[in-house]
Amino acid sequence: MPELPEVETTRRGIAPHLIGHRVRTVQVHDRRLRWPVPAAISKQVPGQTIRALRRRGKYLLFELDHGHVIVHLGMSGSLRIATGDEPRRPYEHVVFVLDNGERLALRDPRRFGCVLWTDADPEQHRLLVGIGPEPLSRACSGDYLYRLSRGRKPAVKSFIMDARVIAGVGNIYASEALFRAGIHPARAAGRISRQRYQGLARAIKATLRDAIAAGGTTLRDFRGGDGRPGYFRAALKVYGRAECPCGRCGAPIRQRQIGQRSSFYCARCQH
DNA sequence: CCGGACGCCTGTCGGC
DNA sequence: TGCCGACAGGCGTCCG
């Protein structure tokens, strides 16, 4: 489900309900996520206060008094705030019960997400340590992408979706940013000029900023922490629009697999 | 070392 | 109507 804008929307929605509140208990109803939910979660977390909620790429980092809970929403995960008397919904595998009576519930039908615990620097966790710069940071520049891409044969779309290159760009926003930059998604990453990477870096940032401002993209069931859907779907130019006329030139939007992922582009506008 | 393919899961949708 | 295959917003791991 979630790419960076959806994770950021979730973070902003749930943070006000969590910061400064103490976790009373953690209910693990099914520990069989992408990685087993560690027993330390239900042992270490109760009694601790949530101090901050940060995002790194598509990961959410819950800072507690001592240690961090690391959450990834995978393909179908979502987080919501529930009141104390609301019944647990299907697939809500992990529930954090807070001292204010509210609960934070992780729903994840496909169980590709994870809930982990670390008492060390979360940025140094093995799942986070190798990931690239935040796309909205200055470090993610056209020059950076240009330099890193030299000699690389894979498609530029696969390149910008590689978390070691940039953190948080997924299948929707890769297609959208490449359309915005006028770059064909299948072009070899190593054969794109510095100038065009500068345009691509700008396009990635603008696309993600716009999507965050719209509350993310709801394709099926994504809800922000406030329960509202994201409105960026209406702003998608190519993703999910196979055969529809390109809004810029009118040619039909193409769909094909690139790196085993569905990709959408305009063959006339993108080269 | 790099790049591509494979699994992990379940729900939904379109076609026959 | 019902069944079955294809496909889905991610990503670590394995293999060549």
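Treat the numbers as computed from the prediction; the structure is a model and nothing was measured. Lettering follows sequence order; numbering is per chain, from 1. All heavy atoms count here, side chains included; hydrogens, waters and symmetry mates do not.
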Exercise for review: Could you tell me the separation between the CG atom of A:D108 and the P atom of B:dC8, rounded to a whole number of Å?
Suggested key: 16 Å
Exercise for review: Select base, sugar-phosphate, or nothing to describe what A:Y239 touches, counting heavy atoms under 4.0 Å on all strands.
Suggested key: sugar-phosphate
Check your understanding: Just checking, is any N or O donor in the side chain of A:Q255 or A:S262 under 3.5 Å from an acceptor N or O on the other one?
Key -> yes
Check your understanding: If you check every side-chain atom of A:Q255, which of C:dA8, C:dG12, B:dG3 has the closest atom?
Key -> C:dA8
Exercise for review: Can you check whether any acceptor in the base of B:dC9 is under 3.5 Å from a donor in the side chain of A:R111, or vice versa?
Suggested key: no
Review point. Can you tell me how far P in B:dC1 sits from the matching atom in C:dC11, rounded to whole Å?
Key: 23 Å
**Study point:** Spacing of A:R261 atom CZ relative to B:dA5 atom P, expressed in whole Å
**Key:** 14 Å
Exercise for review: Report yes or no: do A:T83 and A:E86 form a side-chain donor-acceptor pair below 3.5 Å?
Suggested key: yes
**Study point:** Side chain A:R220 and base C:dA8 donor-acceptor under 3.5 Å
**Key:** no
Point to revise | Sugar-phosphate, base or nothing in reach of A:R34, heavy atoms under 4.0 Å | key: base
Check your understanding: Does a side-chain N or O from A:R126 land closer than 4.0 Å to OP1 or OP2 of C:dT13, or not?
Key -> yes
Revision key, fill the gap. Separation of B:dT10 atom C1' from A:E92 atom CD, nearest Å, is 16 Å
Practice item. Ignoring backbone atoms, test whether A:S76 places a side-chain nitrogen or oxygen under 4.0 Å from the OP1 or OP2 oxygen of C:dA8. Key: no
Check your understanding: What is the nucleic acid contact for A:S262, judged by heavy atoms within less than 4.0 Å: base, sugar-phosphate only, or nothing?
Key -> sugar-phosphate
Check your understanding: For residues A:D143 and A:S141, is any side-chain donor paired with an opposing acceptor at under 3.5 Å?
Key -> no
Check your understanding: Which value, in whole Å, describes the distance between the P atoms of nucleotides C:dC7 and B:dA5?
Key -> 15 Å
**Study point:** Closest to side chain of A:H72, choosing from C:dC11, C:dC7, B:dT10
**Key:** C:dC11
Exercise for review: Mind calculating the distance between CD1 (A:I258) and P (B:dG3) to the nearest angstrom?
Suggested key: 16 Å
Point to revise | Between B:dT12 (P) and A:R110 (CZ): distance, integer Å | key: 12 Å
**Study point:** From C:dT13, B:dC9, B:dA5, nucleotide with atom closest to A:Q260 side chain
**Key:** B:dA5
Point to revise | Separation of the P atoms in B:dC9 and C:dC4, to the nearest angstrom | key: 22 Å
**Study point:** Nucleotide forming a Watson-Crick or wobble pair with B:dG15, both distances under 3.5 Å
**Key:** C:dC3
Check your understanding: Nearest-Å distance, CZ (A:R32) to P (B:dT10)?
Key -> 7 Å
Practice item. Answer with base, sugar-phosphate or nothing: what part of the nucleic acid does A:Y59 contact at a heavy-atom distance below 4.0 Å? Key: sugar-phosphate
**Study point:** Atom-pair distance (NZ on A:K157; C1' on C:dC11), nearest Å
**Key:** 14 Å
**Study point:** Nearest listed nucleotide, side chain of A:P154, among B:dG3, C:dG12, C:dG10
**Key:** B:dG3
Exercise for review: Mind calculating the distance between CG (A:L33) and C1' (B:dC9) to the nearest angstrom?
Suggested key: 11 Å
Practice item. Tell me whether the centres of the aromatic rings in A:H184 and A:Y265 are closer together than 6.0 Å. Key: yes
Check your understanding: Can you tell me if the side-chain N/O atoms of A:K153 get under 4.0 Å from OP1 or OP2 in B:dG3?
Key -> no
Point to revise | Cation-pi geometry met for A:R126 and A:W35 (6.0 Å, 45°) | key: yes
Check your understanding: Taking the six-membered ring for Trp, does A:F112 stack with C:dC11 (centroid gap under 5.5 Å, planes within less than 30°)?
Key -> no
Check your understanding: Between the side chains of A:T217 and A:Y231, does any donor sit under 3.5 Å from an acceptor?
Key -> no
